Amino acid sequence: MTERKRILSGMRPTGALHMGNYLGALANWIGMQDPYDCFFFVADWHALTSDYENPTGLPNYVHEILLDWLSAGLDPQRCTLFIQSKVPEHAELYLILSMITPVPWLERNPTYKDQIVQLQNKDLSTFGFLGYPVLQAADIIMYKAQGVPVGVDQVPHVEITREIARRFNFLYGPVFPEPEAILTQTPKILGIDRRKMSKSYGNAIYLSETEEQVRAKVMQMITDPQRMRRSDPGNPDVCNVFEFHKLYTTADTVAQINTQCRAAEIGCVECKKIMANGLIQALRPIHEKRRFYQDHPDTVRDIIETGSRKARLVAQQTMQEVRQAVKINY
Ligand code: TRP
Ligand code: SF4
């Protein structure tokens, strides 16, 4: 067998994962475990860049995200799972990369400019927040990852990573490959209020929610906004419930709903009930695994200790090369 390409990706631990996170990222990661040599990690230091004022929730968020990952199907037998801060070499590489990264590269980072405006309630005029992409670059090139599965919002960060890698190689000799973003298809599903699904909008359906909670949220979902009465024909093409149907209902039923909706032969309440059933059925095995890991916190700890140790071996290897390259190896 030829060597599998190495990929790496991470998530900041900011709370339970919702269906948007799952379909937009996690489901893709799960499918990459066999074709790629995968490293997935919890970016806890990155969480601190914007939430340094209140880290109280962090330990819990880290635990939650690990439960979400494992229950959804990341398999420690088939990928390396670790926590960023458990591989302190990331901090050392970040430091060294900070020496060679021009500040204007960071100041013109679209994500940076955007976040400063979006998160007005936080004081983000910190060194650490500006340096966010440098830490991310360290995360990626530490493992000499060739691919980085991310959503479009992260493409500028991968671009900066490539520039930093190229600059390092130019200054000190070839050490790092330039990684490429592997764009994840973002699903068209929205939150229950038809805005982008987001924790902060309070419109999300979570992976860990009970069947009753999921059902209640589905029943609250806004459908085709033009469809006022049951007797009005609807348009599935603009209906968020229908987008979920495409993922969680059998093709025959989807086709049937498509016609019936347009002819006002099915009401939204009935339609939602069918969707909720499909969604709940898909979530059931995830919930089952979640219960297992919830009841076995030691297993979770072992998985993350083992993964972090494995990641650290790779990181230590890379750091030897880096120290040699920058002449800090005496
Ligand atoms: N910045 C990423 C996000 O917010 C998280 C992240 C940190 C990451 N380091 C990474 C993603 C390295 C991919 C590779 O989603
Ligand atoms: Fe959407 Fe179904 Fe209502 Fe049609 S019947 S608008 S697809 S919820």
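Indexing begins at 1, ligand by ligand and atom by atom, following the structure's order. What's counted below: heavy atoms across the whole structure, side chains too, no hydrogens, waters or symmetry copies. Predicted model, so just to flag it, every value in this text is computed and none were measured.
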Please tabulate, one line per pair, the protein N or O atoms found under 3.5 Å from any N or O atom of ligand 1, giving the distance to one decimal.
from, atom 1, to, atom 2, distance (Å)
ligand 1, 1 (N), Y132, OH, 2.7
ligand 1, 1 (N), Q136, OE1, 3.0
ligand 1, 1 (N), Q154, OE1, 2.9
ligand 1, 4 (O), R12, NE, 3.1
ligand 1, 4 (O), R12, NH2, 3.2
ligand 1, 4 (O), Y132, OH, 3.2
ligand 1, 4 (O), Q154, NE2, 3.4
ligand 1, 9 (N), D139, OD2, 2.8

Using the six-membered ring wherever Trp is involved, compare the ring planes of F176 and F168 and label them parallel, tilted or perpendicular (cut-offs 30° and 60°). perpendicular

Quick one: do the [X] and [Y] side chains pair a donor with an acceptor below 3.5 Å?
| X | Y | answer |
| --- | --- | --- |
| T253 | Q256 | no |
| N329 | Q320 | no |
| S98 | T101 | no |
| N235 | D224 | no |

Do the non-hydrogen side-chain atoms of D37 and K5 ever get within less than 4.5 Å of each other? no

Is T184 reaching over with its side chain to a backbone N or O of V150, donor-acceptor style, under 3.5 angstrom? yes

Sorted by chain and residue number, the ring-ring contact (aromatic ring centres under 6.0 Å, His included) partners of F82 (sequence neighbours excluded) come out as F41, H90, Y143

Sort by chain and number the protein N/O/S atoms that are closer than 2.8 Å to atom 3 (Fe) of ligand 2, and list them. C268 SG

Considering only distance and modelled atom types, tabulate donor-acceptor pairs under 3.5 Å from the side chains of residues 57-70, sequence neighbours left out.
from, atom 1, to, atom 2, distance (Å)
E64, OE1, R290, NH2, 2.8
D68, OD1, R290, NH1, 2.7
D68, OD2, L17, N, 2.8

